Amino acid sequence: MALRSCKKYHAYELKINILTGKCMKKNALYFVLFITLLSQSFHVLPLFAASPFPKGEWRVQQGEVSSTALWGIHFVSKDKGWAVGATGAILHTTDGGKHWIAQHRKRGERFFSVHFPDEKNGWAASWSGNIYHTSDGGKHWENQGGPKVIWLWKTFFTNAQAGWVVGAQGTVIQTKDGGKTWALRDIGYKKGPLLEVYFLNDQLGWIAGWDGKIFHTKNAGKTWKEQDSGTQIPLEGIFFVDEKHGWAVGRRGVIVHTKDGGKTWKPQESNFHKSMLLSVKFTTPKIGWIAGGSGVFLRTENGGETWEAVEVPTDKTMEGLSSFGANHAWAVGWGGFIIHTADGAKTWESQNFGFNDRLFRIHFFDQQHGWVVGEAGTILYTDNSGTTWDFLESGTENWLFGVHFVSQKEGWVVGALGTILHTVDGGQTWKTQKKLTEGSFEQVYFMNAKTGWVIGEAGLVFKTIDGGKNWKIQFSNVILALTDIIFLNENDGWLIGDGGTILSTKDGGETWKDFALPFNDMYAKILFDGPKRGWIVGANGTLLKTVDGGKHWALEKTGTTEALWDIVMNGDEGWAAGDLGGMIYTADGGKSWVTVESGAVQRITGLFFTDKNKGFAVGKGGLILKYTGQGS
């Protein structure tokens, strides 16, 4: 279901409680932040000593915390589970997948598998060769390193000390001390990747991989012996329900089965000879499931003598499969989808659709009335302080990038292909204004109901003094895209954009002066809270600050290298947000910043606070986050 097809958004809420503490070390003040989501906690990393942490609650109102590809999933109960994937995403649920929250993200990492032998200890293996570990259920993750072998595919731990990881070129890595040390093991195969490792108990284990290879150990991995699978097709998954009965699955619809612990393997018919079969699980010697490519899911009730296709709510590849008990199973895959069954794989529901729908900007006129704009002509509206959001018909399919209201009724929205929309009834109806260009407009800003500007790509600036009836071009003298605009009064204004563009005017935009800084970053948002103090945020964690009305700009330390797309300030309290769900907070006017866990992996592109205790963030995946401070 696409985001924009919904007429009403009833907010569900994930509660995050924020507490603060402190300790002294080498005369420096450090803070520790714990965020409790329902029954779990998340940590916040202190960047600098001076700034305290916010005391409030972030809640996911709607949308999805991740739409990045997911490759691995593991549940330790019917409620608690983890899913991992691209951009170093580690998602966690405590309610069976009804709600997911991000515990970790890191650009450049791709986690292909995750495994927890208990509720506290878990490991995630990455294509980069890194192995991450948590000993507190995911509140903290640390890189244990390990032998630097790229493309680690699967990990499995029999307990909190003994574990295995397999990967490219026949890689087998073992730890006996919970990952403090890792050692490469030679099992006699180096030709291709090993794609799955599974242990039935501390002693009995199997590895499956390229060329139809299956290896077996009876002594906790001291020695491995090759078993003849009867195929040379790559095997992607292997599972044993007891010491005798096991199954392995692979490409071209291959299924092989053993009744004697792997001494002999015999083929079973899948009837999907063109499909990749990637994961296999059995709950009893008779009942089993297989997940594969292009939405293929198979189920058997007779030990695999026959397999029947089950309809699932995705046509994408299911990269990972986890089960708990006889009834519950989850599958993940490309696009970040997560699906779940509670009746033994007979029927399925979507828990995460992998939405890519983007919400770009959010604007409130007052405490109650707010608007959000996004791709495919999306406009959302609230008149109850964001408790619910209504879909408004915009009359366009063009992407909408900017929104500004001068009253509860009158506002403007701009977007791709020169789109300018105007409303005088709070957005219930929109009128398309005269097209000024085929280029995209990125932002709109009005001083009052008559005087306003629209800006966009190729340095475009247009001004109106009659509420948009007529627009006059203003020459910025740049050809780069302009991303944001603000006026302090009808004469003094600022423009920012790509390539480190900062422009100022003192005559209402008739002339623009370039403010040269030794930076070429993309700037995304400019903010002034008075005639003197201003901020600019942009790519690579850039944050510039002025305290003299823009005569001088200083580069501030943010502690992040991820792009920042928006910033808000309420007195000395402020927030900035950006890529990978990144969010930072200041309580001292931006002198120092702390990183706050947003619970999302999505890019956050818009922020708006109606006061210091109530704010919203919007982004990719139709995401809307709501912040509620103490005392509100």
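Just so it is clear, the model here is predicted, and its values are computed rather than measured.
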Between the side chains of D383 and Q408, is a donor N or O closer than 3.5 angstrom to an acceptor N or O? no

Looking only at atom types and distance, does a side-chain atom of T546 sit under 3.5 Å from a main-chain N or O of H552, one as donor and one as acceptor? yes

Does T423 reach the main-chain N or O of T429 with its side chain, forming a donor-acceptor pair under 3.5 Å? yes

Side chains of T93 and Q351 in contact at under 4.5 Å (non-hydrogen atoms): no

With no hydrogens and no angle check, is any side-chain donor or acceptor of N398 less than 3.5 Å from a backbone partner on G415? no

Would a distance-only check, ignoring hydrogens and angles, find a side-chain to backbone donor-acceptor pair under 3.5 Å from T87 to R105? no

Geometric class of the W494/F528 ring pair [parallel <30°, tilted 30-60°, perpendicular >60°]: parallel

So OG1 of T501 and CG of L517: to nearest 0.5 Å the spacing works out to 11.0 Å

State plainly whether the residues D572 and K591 are in salt-bridge range, i.e. N to O under 4.0 Å. no

Can you check whether N470's main-chain N or O pairs, donor with acceptor, with T464's side chain at less than 3.5 Å? yes

S126 side-chain N/O to F111 backbone N/O, donor-acceptor pair under 3.5 Å: no

Do Q103 and W82 pair up side chain to side chain, a donor and an acceptor below 3.5 Å, judged on atom types alone? yes

Taking E64's backbone N and O only, do any of them form a donor-acceptor pair with Q602's side chain (distance below 3.5 Å, no angle check)? yes

Which pair of non-hydrogen atoms, one from M583 and one from I604, has the smallest distance, and what is that distance? CE-CD1, 3.9 Å

Parallel, tilted or perpendicular for W371 and F405, by the 30°/60° rule? parallel

Given the rule in the side chain to side chain contact (heavy atoms under 4.5 Å, CB included) test, do R361 and Q443 qualify, once you have shown the distances and angles that lead to the verdict? CA-CA 9 Å; R361 291 294 182 186; Q443 192 54 280; 4.0 Å; yes

Exam field: side chain Q474 to backbone W512, donor-acceptor pair closer than 3.5 Å: no

Checking F364, Y627, W58 against F616 for ring-ring contact (aromatic ring centres under 6.0 Å, His included), the one that qualifies is F364

Test your reading of the model: is there a side-chain donor-acceptor pair from K434 to the backbone of W471, 3.5 Å cut-off? no

Residue pair T605 / G619: nearest heavy atoms and the distance that separates them: OG1-CA, 3.9 Å

Using modelled atom types and a 3.5 Å cut-off, is there a donor and acceptor pairing between side-chain atoms of S66 and backbone atoms of V601? no

Are W100 and W330, when compared by the centres of their aromatic rings, separated by less than 6.0 Å? no

Looking only at the aromatic ring of each residue, does the gap between the centers of W412 and H404 stay below 6.0 angstrom? no

Residues L70 and A83: closest non-hydrogen pair is CD1-CB, 4.3 Å

Worked check of side chain to side chain donor-acceptor pair (under 3.5 Å) between Q61 and W389: CA-CA 10 Å; Q61 279 203 305; W389 294 88; 3.1 Å; yes

Where at least one partner belongs to residues 449-472, residue pairs that pass salt bridge (Lys or Arg N to Asp or Glu O under 4.0 Å), sequence neighbours excluded: K472-E510

Less than 3.5 Å apart, any donor N or O on the side chain of Q367 or T610 sitting next to an acceptor on the other? yes

Between N540 and the options D521, T561, T558, D579, the side-chain hydrogen bond (donor to acceptor under 3.5 Å, both in side chains) test singles out D521

